[in-house]
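Remarks on the structure that follows.
In what follows, residues are counted from 1 in the order of the sequence shown. The model shown is predicted, which means the values in this text are computed figures rather than measured ones.
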Amino acid sequence: MGGEILKDNRGTINNDDMDSGSQFSVEMINTHSYSSGGHGLVAQSRRGTGDHPAVLSMSNVYMTPDDDDAKITLIDAIFNSTNVVQGMFMISLPYCIYLGGYVGLAVTLLAAVVTGYTASLLGSCLYDIRPDGTRVRVRDSYEAIAIAAWNSPLAAYIIRFAQLQEGFMACVLFLVLSGSLLNKAFPWLEEQIGLGVHTWTLLSTFPILFSIFLKNYKIVAKVSFWCAVTSFFINLLTLGYCFFQAPNWKLRAIKPYGESYETLPVAIGLIIVSYAGHIIFPPMEGSMAQPQKYNKALCWSFGVGGIVKTFYAFVCFVTFGENTDEVISNNFDIGWLRISADIAWALKSLLSYPLLYLAGVKMLETWVLSATKRPILSSYSPPTCAHIRESVIAIRLCYLLAGLMVALFLPYFAILSGLSGNITGMMISFIFPPLFNLKLNWRRLPLWQRTIDSLIIIIGVITSGFGIYFSGKALAQAIAADNGFT
């Protein structure tokens, strides 16, 4: 496929500099969809057709080769979806047990079952059934499903807003996390020269400034691999430390529902956001060589993911008990282990940032520049070396600075994660998929499935409402405490 071109909705760019075997035709559509649940990058996808082009995910960027040889296998699909489930929020799952107790532990496992089921519903919503009983794939993205279910262009704006909000909050959370980790890694610097969490957050921004000038996902794809490798070794190191402390495990430290009934909804939101990768599953199904095995891939990834997360949260919490920090590596004793773990997690968060950032700003660029009818790429430059216009630089810089400001003023990783999970995480992974399924497939669904889907929607709406209220209350209390109010 030598000499392929990289396309977007504003023109074409020669991509001859890509390695042979890695050249793809990519549809850069008006909506660049994403999710904060995981951070793996996938280089396969299904090309969009008609009015519903393919989706680019901030968690997984699906790019479709022109031939079927690059379709992903079942093993590939399991690995890719597992990357979504095993994401950055693993670092705070033990704190969820502190906030939610045995209920939080049960929700960690139960959420894997429910979100795995809702991901399978999205797969069924991609198809229509012909009179002869054959299934025909007529949709190829989360947004296309929403438009068909609600039969309104407004659906696209709702989904896009949810995606943009989720992506922006993920960028904020990565800056908050890196600042907090580096501050805890070098606590003596705060005592000696006043280098506190806000300064570390500000310093963390400098390595990611290059993201403003990114034009495509080529560099991001290479970075994402090292994110996955880093995450694996950090989690392995953490579990090794916890098992070394097994004789001192505090099994009685787990309370029935955590610290209080007010902290439980925050824990649930934090758990849900760790599974919220549903935007990427429709294009992943389209990228499979055997899409009929889509549900099997979900069973393996969510099943293993739920067990691993529950086990990880339990082992880490009983190791540190009520002293469990919102970032688990902060519980290590001051020394090489804690410094290494904190720096590694901070590095992973900063390496994950460009993928989420680029997906968010590309969608924002499309909205802003389509409204002003200004091209994103300079018209005077040849396609092989097209420069990003000054207006795009301004948009990207404002997006980055806005995230930095939020991170500086609201440095509360667990609370912000819980709030994000209770808003967009609950909508995208819990409420919308069964709602779409009921709308599109009502006549074909048995009574038991209608009942289950309706219950998931009701529980999701109620849980989201309580979660937003108590997460907002916790955030207000944290802000008041930091400012000396009581």
Show the numbers, then the answer: is there a side-chain contact (heavy atoms from CB on, under 4.5 Å) between Leu237 and Leu337? CA-CA 9 Å; Leu237 177 67; Leu337 180 62; 3.6 Å; yes
In terms of the angle between their ring planes, are Tyr294 and Phe281 parallel, tilted or perpendicular, with boundaries placed at 30° and 60°? perpendicular
Return the CG to CG distance between Leu440 and Leu435, rounded to the nearest 0.5 Å. 9.5 Å
Determine the interplanar angle of the Phe436 and Trp150 rings, folded into 0 to 90°, and report it as parallel if under 30°, tilted if 30 to 60°, perpendicular if over 60°. perpendicular
Taking the side chain from Asn437 and the backbone from Ser124, do they hold a donor-acceptor pair closer than 3.5 Å? no
Check whether any side-chain heavy atom of Leu400 lies under 4.5 Å from a side-chain heavy atom of Tyr353, and answer yes or no. yes
Nearest non-hydrogen partners of Val327 and Ile91, listed with the distance: CG1-CD1, 3.2 Å
Under the side-chain contact (heavy atoms from CB on, under 4.5 Å) rule, what do Tyr357 and Ile212 come out as? Steps first, then yes or no, please. CA-CA 9 Å; Tyr357 172 82; Ile212 296 175; 3.6 Å; yes
Residues two or more places apart in sequence or in another chain: which of them pass side-chain contact (heavy atoms from CB on, under 4.5 Å) with Tyr127? Arg135, Arg137, Glu285, Pro291
Between Thr238 and Ile234, is there a donor-acceptor pair closer than 3.5 Å when you use the side chain of the first and the backbone of the second? yes
Around atom OH of Tyr257, are there more than 12 heavy atoms from other residues, nucleotides or ligands closer than 6.0 Å? no
Take the angle between the ring planes of Trp249 and Phe314 and call it parallel below 30°, perpendicular above 60°, tilted in between. perpendicular
Heavy atoms of Pro94 and Cys316 approach each other most closely as CG-CB, 3.4 Å
Side-chain donor-acceptor pairs of residues 169-177 under 3.5 Å, sequence neighbours excluded:
none

pair Leu445-Leu438: side-chain heavy atoms closer than 4.5 Å: yes
With under 30° as parallel and over 60° as perpendicular, where do the rings of Phe168 and Tyr399 fit, or are they tilted in between? perpendicular
Flag, side chain of Glu326 to backbone of Ala414, donor-acceptor distance under 3.5 Å: yes
Return yes if some donor-acceptor pair links the side-chain N/O of Tyr142 with the main-chain N/O of Ile159 below 3.5 Å, else return no. no
Write down the atom of Ser349, the atom of Ser178, and the distance for their closest heavy-atom approach. OG-CB, 3.5 Å
Does the gap between the ring centers of Tyr241 and Phe244 come in under 6.0 Å? no
Ring-plane angle category for Phe470 and Phe466, please: parallel below 30°, perpendicular beyond 60°, tilted otherwise. parallel
Counterpart residues, side-chain contact (heavy atoms from CB on, under 4.5 Å), relative to Ile431 (two or more places apart): Met426, Ile457, Val461
Report yes if some heavy atom in the side chain of Phe302 is under 4.5 Å from a heavy atom in the side chain of Tyr275; otherwise report no. yes
Check whether any side-chain heavy atom of Thr324 sits under 4.5 Å from a side-chain heavy atom of Ile97, and report yes or no. no
Hey, is the main chain of Gly460 close enough, under 3.5 Å, to the side chain of Thr463 for a donor-acceptor pair? no
Let me confirm one number: the CG-SG distance from Asn331 to Cys242, rounded to the nearest 0.5 Å. 9.0 Å
The reported gap from CD1 in Ile145 to CG in Asp140 (rounded to nearest 0.5 angstrom) is 9.0 Å
Mark yes or no for whether Thr263, through its side chain, and Leu99, through its backbone, hold a donor-acceptor pair below 3.5 Å. yes
Could you give me the CA-CA distance, side-chain angles and deciding distance for Trp300 and Leu74, then say whether side-chain contact (heavy atoms from CB on, under 4.5 Å) is met? CA-CA 10 Å; Trp300 276 101; Leu74 173 63; 5.8 Å; no
Does Lys309 reach the main-chain N or O of Ser274 with its side chain, forming a donor-acceptor pair under 3.5 Å? yes
Atom pair OG1/CD1 of Thr108 and Ile272 - distance to nearest 0.5 Å: 9.0 Å
Is it true that a side-chain atom of Ser464 and a backbone atom of Ile423 form a donor plus acceptor pair closer than 3.5 Å? no
Between Ser301 and Ile78 (side chain of the first, backbone of the second, donor and acceptor by atom type, cut-off under 3.5 Å), is there such a pair? no
Treating Arg130 as the side-chain partner and Val136 as the backbone partner, does any N or O pair qualify as donor plus acceptor under 3.5 Å? no
Can Ile279 and Glu143 be said to form a side-chain contact (heavy atoms from CB on, under 4.5 Å), step by step? CA-CA 8 Å; Ile279 292 293; Glu143 181 181 325; over 6 Å; no
If you draw the axis of the six-membered ring of Tyr157, does the NZ or CZ of Arg160 fall within 45° of it and under 6.0 Å from the ring centre? yes
For His278 and Pro433, the nearest pair of non-hydrogen atoms, with its separation, is CD2-CG, 4.4 Å
Looking at Gly101 and Ile254, what are the two nearest heavy atoms and their distance? C-CG2, 3.8 Å
